[in-house]
Amino acid sequence: MDALRQFDLGQPPDHPSLQSLLADMGIYTAASCRAEIDYLEEQILSQEEDTDLPLVGSVLALLRYCLFAVFDPSNAKALRDWPLSGNRQRLLSIGGGDDTSFSVPKEFSCPISLDLMRDPVVASTGQTYDRPSIIQWIEEGHSTCPNSGQTLADHRLVPNRALRSLISQWCGVYGLQYDSPESNEGMAECVAASCSSRAAMEANKATARILVRMLEDGSENVKAVAAKEIRLLAKTGKQNRAFIADLGAIPLLCRLLLSNDWMAQENAVTALLNLSIFEPNKGRIMEQEGCLRLIVGVLQNGWTTEAKENAAATLFSLSVVHNFKKLIMNEPGAVEELASMLTKGTSRGKKDAVMALFNLSTHPESSARMLESCAVVALIQSLRNDTVSEEAAGALALLMKQPSIVHLVGSSETVITSLVGLMRRGTPKGKENAVSALYEICRRGGSALVQRVAKIPGLNTVIQTITLNGTKRAKKKASLIVKMCQRSQMPSAMALGSTLTVVDRSLVGNNTLRRAASFGSGELSNPISISVQVP
């Protein structure tokens, strides 16, 4: 308590006091100190009723400081080899590039991250998300539900224990490990909340100062350890992300992207990813000379698969900002490598790549670049992959303002069939993206494509279902597809139109079709909420 009071006053305890404190706790080595830190994190994550979380969080921050203030960082092997417990680990290797892999059921995937949910929680709108994804969404200043678009009445998140149990059972059937919330990164924000006292914040700042000095002056081995620890610290709260960047970590991490040490490179790019979650840090990363080029370099030639995937995820994070989209697209190799990862990457890599490509597609000048880089072809191929088909459809709908892309997308019977299939079985947003893409094919592809669309088996039923039960935007697009099919004057199109006449007139009576006529184009208000908004 005395040590914490000193931190509270902005005066870290002296070295002898810290050594005495650690001795009283039976901590004599860096490894035993790290073990105690991991234990305290588990205590916070278990959230026992009698646990004084603010106190435990403060002690956790104190010990993290001791780990580097007391023990010699030059003897870094124990810390370098210590397993990660709170990082952006890959939970499962499923649904990847191997043809024998399988996909996570959509009802088990978070609508934001597309990952298998490890800590499903219910927001005030009744929608379920993985806890870290919805917390990040709220922390970035959003006030609406990503899936429904409704305003969040409050920020309370209720654990969905029934769904968590089903996910656990599903993993058991397939012999897959399912990490509980107590052991995954999704609870990092819980640790951050527990470490929010002034003493904890001052201890974390003092730790960050040491780590940044290690990045600047240490040996290659010490720099690798520092990058690993900054990666961990940057996972827990926007305050940590802010002052780590304030201390000058970003340019030092950028240098490590060129490291021949795979661990240093992997931790450096992941630290940049974690820092980029804090909105102001996106600008700092992009403004750092050569940093974007180095991130793309890791995406192209990273030492590990995780380094490449985290480079793609960093581009996804940075591409949220409209002013950065064109810079990323113009960076040599960026779009090409994202397209390659979407085609050949693991399940996680495909998700990172498709989300980055989707964000880039919202830029009004993206079509030509996406076409020349083969990204359009990769998105077309991804319509057959349930893991990323919804986002691929959304990106294609945005890109089909260019006639050459419309004809490329619409030239294959398989593409149109895939879109109709997604309209039938996708999530509400997935159906909306698919009907938007089909609408663009009909609107811009000419009468021949409209006639081909009208002949698709099962389209009749799918259009009726969406017109009655789809999202507001999907209903508008579906009704307009009906009108275009009617105008094509093909027998099958006339049959489609007559079948839907009652539904169509009902929509007109409700002003839906009149509103559709004035439906404007423009950039999505939030690229992470993957609904398509095109004319």
Side-chain angles (χ1 to χ4, degrees), residues 40-57 60 85-86 88-89 91-92 104-173 176-197 235-239 277-278 351 355 390 426-430 432 469 471 526 528-531:
L40 291 177
E41 286 182 342
E42 290 174 7
Q43 295 302 301
I44 292 172
L45 298 174
S46 66
Q47 298 190 39
E48 299 290 342
E49 290 185 4
D50 58 348
T51 302
D52 186 341
L53 292 180
L55 176 59
V56 175
L60 171 63
S85 60
R88 191 177 184 269
Q89 299 176 6
L91 176 63
L92 298 169
V104 177
K106 286 189 178 295
E107 58 269 27
F108 294 166
S109 300
C110 175
I112 299 174
S113 69
L114 307 182
D115 283 330
L116 181 71
M117 288 187 280
R118 287 172 281 176
D119 187 17
V121 293
V122 181
S124 61
T125 57
Q127 300 288 322
T128 296
Y129 301 96
D130 204 13
R131 184 186 295 271
S133 297
I134 189 62
I135 285 178
Q136 178 181 333
W137 174 267
I138 294 171
E139 190 178 79
E140 289 177 348
H142 301 290
S143 59
T144 57
C145 175
N147 216 24
S148 70
Q150 295 174 285
T151 300
L152 294 170
D154 54 59
H155 292 170
R156 286 183 298 173
L157 301 174
V158 180
N160 191 336
R161 293 187 173 85
L163 181 58
R164 185 189 299 169
S165 176
L166 290 173
I167 295 173
S168 179
Q169 292 173 33
W170 178 81
C171 289
V173 168
L176 301 167
Q177 178 186 358
Y178 180 66
D179 291 343
S180 65
E182 288 78 10
S183 63
N184 69 56
E185 80 202 64
M187 298 302 287
E189 298 304 328
C190 179
V191 176
S194 301
C195 296
S196 59
S197 69
K235 279 299 297 177
T236 53
K238 62 181 180 182
Q239 294 90 349
I277 295 171
F278 183 54
K351 292 171 185 175
M355 294 297 283
E390 295 187 356
T427 65
K429 289 297 180 186
E432 182 179 306
N469 303 318
T471 65
N526 188 349
I528 296 181
S529 180
I530 42 181
S531 64

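Since the model is a prediction, treat every value here as computed from it, not as a measurement. Nothing fancy with the numbering, it's 1 onward along the sequence.
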*Go through the structure and list residues passing side chain to side chain contact (heavy atoms under 4.5 Å, CB included) with Ser133, not counting sequence neighbours.*
Cys110, Ile112, Ser113, Asp130

*Compare all side-chain heavy atoms of Ile134 with those of Leu157 and state whether any distance is below 4.5 angstrom.*
yes

*Does some side-chain heavy atom of Phe108 sit less than 4.5 Å from a side-chain heavy atom of Pro120?*
no

*Identify, with sequence neighbours excluded, every residue that meets side-chain hydrogen bond (donor to acceptor under 3.5 Å, both in side chains) alongside Gln150.*
Ser148

*Please lay out, stage by stage, how Asn147 and Lys429 fare under the test side chain to side chain contact (heavy atoms under 4.5 Å, CB included).*
CA-CA 7 Å; Asn147 216 24; Lys429 289 297 180 186; 3.7 Å; yes

*Validation row: Trp170, Pro105 side chains within 4.5 angstrom (heavy atoms)*: yes

*Mind listing the closest non-hydrogen atom pair of Pro159 and Arg131 along with its distance?*
CG-NH2, 4.0 Å

*Considering only heavy atoms from C-beta outward, does the side chain of Leu163 approach that of Thr128 to under 4.5 Å?*
yes

_Between CG on residue Leu55 and CG on residue Leu60, distance to nearest 0.5 Å_ = 11.0 Å

_Let me confirm one number: the CG-CD distance from Asn160 to Gln127, rounded to the nearest 0.5 Å._
11.5 Å

*Contacts of type side-chain hydrogen bond (donor to acceptor under 3.5 Å, both in side chains), residue Thr471, not counting sequence neighbours*: Glu432

*Between His142 and Trp137, how do the two ring planes meet: parallel, tilted or perpendicular, split at 30° and 60°?*
parallel

*Output the distance between atom OG (Ser109) and atom CD (Glu390), rounded to the nearest 0.5 Å.*
9.5 Å

_Within the 4.5 Å heavy-atom criterion, are Leu152 and Cys145 side-chain neighbours or not?_
yes

*Just how far is it from atom CG of Leu166 to atom CE of Met117, taken to the nearest 0.5 Å?*
10.5 Å

